[in-house]
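Here's the structure, in structure tokens; my notes come after.
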Amino acid sequence: MSESPIGIFDSGLGGLTAVKEMISVLPQENIIYFGDTGRVPYGNRSRETITKYANQDAAFLLSKGVKMIIAACGTVSSVVTDLKDNLPVIYTGVVLPTATAAVNATRNGKIGVIGTSATINSGSYKKEILRQNSRITVYQQDCPLFVPLVENGFSSPDDKIVQLIVEHYLKPLRDVDVDTVILGCTHYPIIAPAISRFLGRNVQLIDSGRETALYATHLLQENNMLNTSGKLGTSSYYVSDTVDDFSRLAGIFLGRNVNDSVTHIDIELQQ
Ligand code: DGL
């Protein structure tokens with residue numbers, strides 16, 4: 001069991017930011033990634049649709065014999081809160097570990113949360129932060145243009161378009177003096193340098209991929225399921241749209257070439 005892979009899924013490419021963190025925290029684990037590139041984005045869809053997609057994504061990973069499932073997607077983690085109840089393996093989304101890290105990080109008790117519209121409308125991060133500490137004030141902001149921006153290669157802090165959009169969304173958070181901001185979407189670590197330049201170095205950015213990788217380690221340890229084979233883990237990638245597009249863009253998110261390990265599947269066939 002301990003050598004079985006960890007299944008990670010996302011609405012598309014973005015979850016590779018979490019895979020990158022996972023490989024750095026747990027290099028010995030085997031990883032199976034599913035990116036629903038044929039149906040991305042999830043962030044502006046209804047609860048019903050996101051729930052149906054998330055269940056199909058998890059069913060696909062289960063068919064690969066995974067020992068754990070991680071929803072790297074901020075939208076799925078926020079909207080499909082009962083996904084865990086239907087799974088026969090350990091599961092985590094990104095909300096609990098990321099909110100916990102933000103609660104521990106804030107010094108002035110003002111936390112900003114940014115994410116897709118579905119994530120922000122669900123109030124998931126705010127609820128979890130307030131459950132942990134009701135004295136904290138949470139400021140939420142959806143940033144729907146960040147995902148297309150990143151996917152079209154705009155991420156440099158020196159880029160005027162990036163600067164304008166970052167200012168548009170984040171000025172309200174800067175004005176209220178948040179000292180901690182949750183990057184509540186898979187794509188946001190890619191534009192973290194631009195966000196950080198705008199908010200200032202004193203504002204801590206909490207990366208959901210990083211925090212979830214650390215939390216997953218804790219869960220595996222607790223369940224005695226860490227891969228102790230001593231070998232370096234392998235990663236396989238599955239997508240619901242073309243393999244070529246994924247392989248080309250994956251480098252931006254993962255910082256490595258995945259050409260030989262990407263396979264196309266028909267996700268609609270999963271029950
Ligand atoms: N993966 C999504 C998230 O983290 C962003 C892309 C989408 O809207 O599907 O919320």
Side-chain angles (χ1 to χ4, degrees), residues 7-22 33-58 60-61 69-81 83 91-99 101-102 112-126 128 140-155 165 169 181-192 195 205-213 215-216 237-241 245-246 249-250 252-254 267:
I8 304 180
F9 76 93
D10 179 45
S11 55
L13 280 157
L16 293 176
T17 53
V19 172
K20 189 175 174 192
E21 297 298 341
M22 203 69 191
Y33 179 82
F34 172 65
D36 199 0
T37 50
R39 303 189 297 195
V40 69
Y42 286 9
N44 49 13
R45 294 189 194 269
S46 68
R47 177 176 296 273
E48 290 69 31
T49 303
I50 298 167
T51 303
K52 177 183 147 197
Y53 288 179
N55 278 294
Q56 288 175 326
D57 301 347
F60 168 70
L61 292 175
I69 291 184
I70 300 176
C73 182
T75 301
V76 167
S77 309
S78 294
V79 173
V80 195
T81 46
L83 188 58
Y91 166 83
T92 183
V94 293
V95 174
L96 174 69
T98 314
V113 180
I114 57 176
T116 63
S117 300
T119 294
I120 296 307
N121 291 339
S122 77
S124 58
Y125 282 102
K126 183 170 180 174
E128 181 55 34
Q140 304 190 92
Q141 177 67 55
D142 63 342
C143 309
L145 288 177
F146 279 1
V147 168
L149 201 64
V150 169
E151 293 208 343
N152 286 287
F154 293 94
S155 61
I165 298 177
Y169 287 134
V181 170
I182 288 179
L183 305 179
C185 170
T186 47
H187 289 57
Y188 299 178
I190 308 283
I191 47 167
I195 294 173
L205 302 183
I206 310 291
D207 178 336
S208 59
R210 176 90 192 153
E211 298 308 328
T212 305
Y215 182 64
Y237 303 88
Y238 294 85
V239 291
S240 52
D241 199 4
D245 281 352
F246 179 84
L249 281 168
I252 302 178
F253 289 88
L254 205 54
I267 192 66

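Worth knowing before you read on, the calculation uses all heavy atoms, side chains too, and leaves out hydrogens, waters and symmetry mates. Atoms within a ligand are numbered from 1 in the order they appear, just like the ligands themselves.
- Applying the salt bridge (charged side-chain N to carboxylate O under 4.0 Å, His left out) rule to pairs touching residues 43-58 yields Arg39-Asp57, sequence neighbours excluded.
- Side-chain polar atoms of Ser240 and Asp36 form a donor-acceptor pair below 3.5 angstrom.
- Under a 4.0 Å criterion applied to the non-hydrogen atoms of Ser11, ligand 1 contributes the atoms 1 (N), 2 (C), 6 (C), 7 (C), 9 (O).
- When Phe60, Phe34, Phe9 are each tested for a ring-ring contact (aromatic ring centres under 6.0 Å, His included) with Tyr238, only one passes: Phe60.
- Polar contact with ligand 1: present for Thr186 (N/O pair, distance under 3.5 Å).
- Distances from atom 4 (O) of ligand 1 to the heavy atoms of Gly115, Ser208, Gly74, Pro41 put Gly74 nearest.
- The structure places CE of Met22 at 13.5 Å from CG of Leu16, a figure rounded to the nearest 0.5 Å.
- Taking every heavy atom of Asp10 and a limit of under 4.0 angstrom, the matching atoms of ligand 1 come to 1 (N).
- Judged by distance alone, the side chains of Thr37 and Asp241 never bring a donor and an acceptor atom under 3.5 Å apart.
- Here the heavy atom of the protein found nearest to atom 5 (C) of ligand 1 is Cys185 SG, 3.5 Å.
- Contact atoms of ligand 1 toward Val40: 9 (O) (distance under 4.0 Å to a heavy atom of the residue).
- For the residue pair Ser208/Thr98, the side-chain donor-acceptor check at 3.5 Å is not satisfied.
- Counting the atoms of ligand 1 from 1 in the order shown, those under 4.0 Å from a heavy atom of Gly43 are 7 (C), 8 (O), 9 (O).
- Considering each of Thr17, Thr75, Thr119, the one bringing a non-hydrogen atom nearest atom 10 (O) of ligand 1 is Thr75.
- For Thr75 and Thr116, the side-chain atoms include at least one donor-acceptor pair closer than 3.5 Å.
- Within the 4.0 Å heavy-atom cutoff, Gly14 does not count among the residues contacting ligand 1.
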